[in-house]
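We number each residue from 1, following the sequence as shown. All values below were derived from every heavy atom in this structure, side-chain atoms included, with hydrogens, water molecules and symmetry-related copies excluded.
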Amino acid sequence: MAIAGIPEVINDFNLYLTGEKLIGTTGEVALPDYEAITATISGNGILGEFDAPVVGHFSAMEVEIPFRCFNADYFKLLDQREAIELTLRGAIQYVDRSSHSADEMGMRVVFRGRCKKFTPGTIKQREAQECSATLDLTFYMIELDGTERVRLDKLNGEYKLNGKDMLAKIHQLT
């Protein structure tokens with residue numbers, strides 16, 4: 001479903017660890033970029049060179065999950081042997097063009113990966129500790145209003161954009 005309006009803000013969001021709500025994270029999670037791996041192309045008939053994105057291949061991705069202070073949930077993210085699945089569910093507020101009224105649509109982001117780094121933060125009286133866990137991602141999916149928009153599963157060779165299998169022909173040929 002297309003939004004018949006203008007997106008305004010993320011009204012609210014929650015973060016879940018394997019279906020269980022995480023409490024105590026900060027109010028901000030920076031989503032990782034999808035940065036394509038490129039090959040530099042040059043040769044006869046080409047004026048100079050250009051970088052060609054290699055379809056379906058992306059640089060390493062990571063997401064940092066910040067916490068105000070230590071809690072039991074923080075330590076659940078730190079096991080480097082165990083894959084972690086995090087789901088971010090949010091409500092995007094937008095203004096409807098025809099009615100000029102505000103409405104909301106759902107947003108869901110799913111990450112899978114393993115702990116790459118943990119930052120214990122600082123201890124200071126009357127201050128947040130600002131600790132965090134950083135996951136190296138092997139799976140990353142974004143969904144809007146129930147429709148999957150982008151899905152990357154590095155370990156299972158899957159890359160879909162707006163429901164289209166971007167690697168279908170490559171899998172057919174190889």
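No side-chain heavy atom of Glu158 sits less than 4.5 Å from a side-chain heavy atom of Leu152. Put simply, the side chain of Phe118 does not reach to within 4.5 Å of the side chain of Cys131, judged on heavy atoms. Considering only heavy atoms from C-beta on, Arg112 stays 4.5 Å or farther from Ile84 through its side chain. Residues Val150 and Tyr159 are in side-chain contact: their nearest non-hydrogen atoms beyond the backbone lie under 4.5 Å apart. Residues Arg108 and Ile142 are not in side-chain contact: their nearest non-hydrogen atoms beyond the backbone lie 4.5 Å or more apart. Between Phe50 and Ser42 the shortest side-chain heavy-atom distance does not fall below 4.5 Å. Counting heavy atoms from C-beta on, the side chains of Pro32 and Val63 come closer than 4.5 Å. Within the 4.5 Å cutoff, side-chain heavy atoms of Tyr94 are placed close to those of Met105.
Connection of Phe58 to Leu31 is established within a shared hydrophobic cluster, with ILVMFWY side chains joined at heavy-atom distances below 4.5 Å, either directly or through further cluster members. Residue Ile37 is not grouped with residue Leu161 when hydrophobic side chains (ILVMFWY) are merged at heavy-atom distances under 4.5 angstrom, including chains of intermediate members. Residue Leu17 is not grouped with residue Val110 when hydrophobic side chains (ILVMFWY) are merged at heavy-atom distances under 4.5 angstrom, including chains of intermediate members. Hydrophobic clustering (ILVMFWY, side-chain heavy atoms < 4.5 Å, transitive): Leu135 and Leu78 are in one cluster. No chain of hydrophobic side-chain contacts below 4.5 Å, direct or via other Ile, Leu, Val, Met, Phe, Trp or Tyr residues, connects Leu144 to Phe139.
If you take OG1 on Thr122 and CD on Glu130, they are separated by 7.5 Å, rounding to the nearest 0.5 Å. To the nearest 0.5 Å, atom CG of residue Leu15 and atom CD1 of residue Ile65 are 5.0 Å apart.
Ring-plane geometry between Tyr34 and Tyr140 is classed as parallel, the angle between the planes falling under 30 degrees on a 0 to 90 degree scale with a further cut at 60.
Nearest heavy atom pair, residue Glu148 against residue Glu143, reads N-CG, 4.0 Å. When all heavy atoms of Val55 and Leu167 are compared, the closest pair comes out as O-CD2, 3.7 Å. In this structure, Ala52 and Ile41 approach most closely via the heavy-atom pair CB-CG1, 3.8 Å.
The stretch residues 65-82 participates, sequence neighbours left out, in these salt bridge (charged side-chain N to carboxylate O under 4.0 Å, His left out) pairs: Glu20-Lys76, Asp73-Lys76.
Within a 6.0 Å sphere centred on CD of Glu85, other residues, nucleotides and ligands contribute more than 12 heavy atoms. No more than 12 heavy atoms of other residues, nucleotides or ligands sit less than 6.0 Å from atom CG of Leu47.
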Q: Give the C-alpha distance, both sets of side-chain angles, the deciding distance and a yes or no for side-chain contact (heavy atoms from CB on, under 4.5 Å) between Leu86 and Tyr16.
A: CA-CA 6 Å; Leu86 294 172; Tyr16 300 84; over 6 Å; no
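The closest side-chain donor-acceptor pair between Glu64 and Ser132 falls under 3.5 angstrom. A side-chain donor from one of Ser98 and Asp96 sits under 3.5 Å from a side-chain acceptor of the other.
Judged by distance alone, with hydrogens and angles left aside, the side-chain atoms of His171 form a donor-acceptor pair with the main-chain N or O of Gly157 at under 3.5 Å.
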